[in-house]
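First the structure, in the form of structure tokens, and then the observations on it.
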Amino acid sequence: MKNAVLPHLRATNGGQVINIGSMAGLAGTPSEGMYSATKFALEGYTETLWREVRRFNVAVSLIEPGDCKTPFVLSPVVQPLDCYRQIYQPLLKARATAMQNAVEPVHIVDQIARLIDRP
């Protein structure tokens, strides 16, 4: 993305980059270490990118949704080792409960649209 889009945004002195992260980038969850690590990394990259391109009038945002009603939320990211099942099983139950109050994906799309429409 950086090499494909940013030269154009810098040349036109403006634009917007919106990255989609996750609340998992703010707090890790057992059995989801690699997923959380990628989201933590995206948070750091977004902050760094903002510092690099703000002088070119390029806005950089990071949306970090929480639970969203998608099949991904209930699918295990990894299969835990037997020694972690005692921790993992309650997490699966909590995740299923959280899905009852999770937002529909359209709400996240609405947030992205608001960012796009913002001056």
Side-chain angles (χ1 to χ4, degrees):
M1 186 279 302
K2 189 173 182 179
N3 293 332
V5 174
L6 287 179
H8 174 72
L9 297 180
R10 286 190 302 262
T12 58
N13 195 38
Q16 192 172 84
V17 174
I18 301 172
N19 289 330
I20 310 298
S22 169
M23 292 295 290
L26 301 173
T29 302
S31 82
E32 296 180 354
M34 292 308 293
Y35 179 76
S36 290
T38 64
K39 298 309 178 181
F40 273 95
L42 183 60
E43 184 159 333
Y45 173 71
T46 302
E47 183 177 325
T48 302
L49 183 61
W50 171 76
R51 293 178 191 283
E52 291 175 352
V53 300
R54 65 183 174 178
R55 68 180 183 188
F56 298 105
N57 199 31
V58 175
V60 180
S61 303
L62 176 63
I63 295 176
E64 296 177 301
D67 292 325
C68 181
K69 289 184 181 178
T70 65
F72 175 77
V73 175
L74 292 177
S75 66
V77 178
V78 295
Q79 292 299 321
L81 299 173
D82 285 339
C83 60
Y84 294 116
R85 290 203 190 281
Q86 187 176 12
I87 298 169
Y88 188 67
Q89 292 304 323
L91 286 173
L92 282 178
K93 289 179 185 175
R95 216 185 259 163
T97 301
M99 286 304 294
Q100 295 172 7
N101 298 317
V103 300
E104 294 290 337
V106 69
H107 294 296
I108 295 165
V109 172
D110 288 343
Q111 293 298 317
I112 295 168
R114 284 191 198 119
L115 278 174
I116 291 170
D117 290 339
R118 207 167 77 184

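Scope of the values below: all heavy atoms of this structure, side chains included, with no hydrogens, waters or symmetry mates.
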Please tell me if the side chains of [X] and [Y] come closer than 4.5 Å, counting only heavy atoms from C-beta onward.
X     : Y      : result
Ile20 : Ile112 : yes
Ile18 : Ile116 : yes
Leu9  : Val53  : no

Transitively linked via ILVMFWY side-chain contacts under 4.5 Å: [X] with [Y]?
X      : Y     : answer
Leu6   : Leu42 : yes
Val5   : Phe56 : yes
Leu115 : Leu62 : no
Tyr45  : Phe40 : no

Step-by-step side chain to side chain contact (heavy atoms under 4.5 Å, CB included) determination, Glu64 to Ser22: CA-CA 4 Å; Glu64 296 177 301; Ser22 169; 5.8 Å; no
Atom of [X], atom of [Y] and distance for their closest heavy-atom approach:
X      : Y      : result
Arg118 : Gln16  : O-NE2, 4.5 Å
Val103 : His107 : CB-CD2, 4.1 Å
Pro65  : Ile108 : CB-CD1, 3.5 Å

So, taking the atom named [atom1] in [X] and the one named [atom2] in [Y], what distance separates them when rounded to the nearest 0.5 Å?
X      : Y      : atom1 : atom2 : value
Arg10  : Arg55  : CZ    : CZ    : 9.0 Å
Arg114 : Ser61  : CZ    : OG    : 13.5 Å
Asp110 : Glu104 : CG    : CD    : 11.5 Å
Gln100 : Asp67  : CD    : CG    : 11.5 Å
Asn57  : Asn13  : CG    : CG    : 5.0 Å

Is it true that Arg51 and Glu47 make a salt bridge, defined as a side-chain N closer than 4.0 Å to a carboxylate O? yes
With distance as the sole test, does Ser36 use its side chain to make a donor-acceptor pair with the main-chain N or O of Gly33 at under 3.5 Å? no
